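So the structure is just underneath, and the comments pick up after that.
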Amino acid sequence: QVQLVESGGGLVQAGGSLRLSCAASGRTFSRSAMAWFRQAPGKEREQLATISGSGGSTYYFASVQGRFTISRDNNKNTLFLQMNSLKPEDTAVYYCAASIGPFYRLGQKEYAYWGQGTQVTVSS
């Protein structure tokens with residue numbers, strides 16, 4: 001089992017920045033690829049970025065490429081998402097998720113463990 005707890009969400013003006021954190025426990029963190037997803041009201045959950053267990057490989061989806069950065073600190077069992085140049089359309093609940101293997105994966109079904117989510121609201 002893996003427990004994930006997100007933090008760092010909040011209200012920010014367009015053009016601003018936020019840094020989300022996801023604290024993990026219950027399994028060797030470095031063995032799990034991790035990802036960030038988000039879900040806006042009335043929309044499907046969307047994968048944003050993913051990172052391998054070692055942190056050596058990352059993948060970004062087009063909607064956040066160049067604005068968001070995923071990283072991890074395996075010594076502190078923590079995943080991060082640095083979000084810059086935020087837009088009102090980035091408003092959503094943001095979730096971190098853990099896979100059961102170390103290689104980064106694309107798609108919700110590849111992630112077995114999920115946090116409860118943190119709200120990010122970007123005002124115009």
Side-chain angles (χ1 to χ4, degrees):
Q1 285 289 344
V2 176
Q3 293 78 44
L4 303 172
V5 179
E6 301 97 336
S7 61
L11 174 65
V12 63
Q13 288 188 334
S17 299
L18 280 176
R19 189 191 196 201
L20 304 184
S21 299
C22 173
S25 61
R27 188 174 188 266
T28 302
F29 185 61
S30 61
R31 294 181 181 174
S32 294
M34 301 292 294
W36 287 99
F37 292 76
R38 70 185 178 191
Q39 188 167 19
K43 295 187 177 181
E44 295 186 354
R45 190 169 295 187
E46 170 191 19
Q47 189 169 4
L48 305 177
T50 183
I51 188 167
S52 62
S54 68
S57 298
T58 58
Y59 184 91
Y60 295 92
F61 286 74
S63 59
V64 302
Q65 177 76 45
R67 298 189 299 125
F68 291 10
T69 302
I70 189 171
S71 62
R72 64 192 297 160
D73 184 339
N74 285 348
N75 291 324
K76 296 183 178 180
N77 289 0
T78 305
L79 176 73
F80 302 101
L81 184 68
Q82 178 66 43
M83 305 187 294
N84 298 329
S85 302
L86 284 162
K87 306 173 182 179
E89 51 263 45
D90 293 318
T91 295
V93 178
Y94 284 68
Y95 300 89
C96 65
S99 177
I100 60 173
F103 302 109
Y104 77 67
R105 303 168 186 271
L106 307 183
Q108 294 186 54
K109 294 181 180 180
E110 301 293 336
Y111 293 87
Y113 305 102
W114 294 80
Q116 83 290 348
T118 186
Q119 176 70 46
V120 172
T121 302
V122 184
S123 63
S124 57

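Computed from a prediction, not measured in an experiment: that's the story for all the values here.
Within the 4.5 Å cutoff, no side-chain heavy atoms of Glu110 are placed close to those of Tyr104. Proximity of Arg45 to Tyr95: side-chain heavy atoms (C-beta onward) are separated by under 4.5 Å at one or more points. For the pair Tyr94 and Thr118, the minimum side-chain heavy-atom distance is below 4.5 Å. Side chains of Ile70 and Tyr60 form a contact here, defined as non-hydrogen atoms less than 4.5 Å apart.
With rounding to the nearest 0.5 Å, the separation of SG in Cys22 from CG in Asn77 is 10.0 Å. Expressed to the nearest 0.5 Å, how far CD of Glu44 lies from CZ of Arg38 amounts to 13.5 Å.
When all heavy atoms are compared, the tightest approach of Arg67 to Ser85 is NH1-O, 3.0 Å. The minimum heavy-atom distance between Ala92 and Gln39, with the atom names listed, is CB-O, 3.4 Å. Taking each heavy atom of Gln47 and Gly107 in turn, the nearest pair found is OE1-N, 2.6 Å. Heavy-atom minimum distance, Asn84 versus Ser17: OD1-OG, 2.9 Å. The two residues Leu86 and Met83 come nearest to each other via the heavy atoms CD2-CB, 3.8 Å. Considering every non-hydrogen atom in both Gly53 and Asn74, the closest pair reads O-ND2, 2.9 Å.
Within 6.0 Å of CZ on Arg31 lie no more than 12 heavy atoms contributed by other residues, nucleotides or ligands.
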Name the atoms and distances for all side-chain donor-acceptor pairs under 3.5 Å in residues 2-15, with sequence neighbours left out.
unit_1 : atom_1 : unit_2 : atom_2 : d
Gln3   : OE1    : Ser25  : OG     : 3.4
Glu6   : OE1    : Gln116 : N      : 3.0
Glu6   : OE1    : Gln116 : NE2    : 3.4
Glu6   : OE1    : Gly117 : N      : 2.9
Glu6   : OE2    : Cys96  : N      : 2.9
Glu6   : OE2    : Gly117 : N      : 3.3

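With hydrogens and angles ignored, the 3.5 Å screen pairs no side-chain donor or acceptor of Arg72 with any backbone N or O of Gly55. Side chain of Ser21 to backbone of Phe80: no donor-acceptor contact under 3.5 angstrom is found. A donor-acceptor pair is defined here as one N or O able to donate and one able to accept, closer than 3.5 Å; no such pair exists between the side chain of Ser30 and the backbone of Ser54. Using a distance-only test at 3.5 Å, with no hydrogens or angles considered, no donor-acceptor pair links the side chain of Arg105 to the main chain of Ile100.
Residue pairs meeting the ring pair (Phe, Tyr, Trp, His ring centres under 6.0 Å) criterion with at least one partner in residues 28-56, sequence neighbours excluded, are Phe37-Tyr111, Phe37-Trp114.
Cluster annotation: Val122 and Phe61 are assigned to distinct hydrophobic clusters (Ile/Leu/Val/Met/Phe/Trp/Tyr, side-chain heavy-atom contacts under 4.5 Å, transitive). Tyr113 and Leu81 fall within the same hydrophobic cluster, where Ile, Leu, Val, Met, Phe, Trp and Tyr residues are linked whenever their side-chain heavy atoms come under 4.5 Å apart, directly or through other members.
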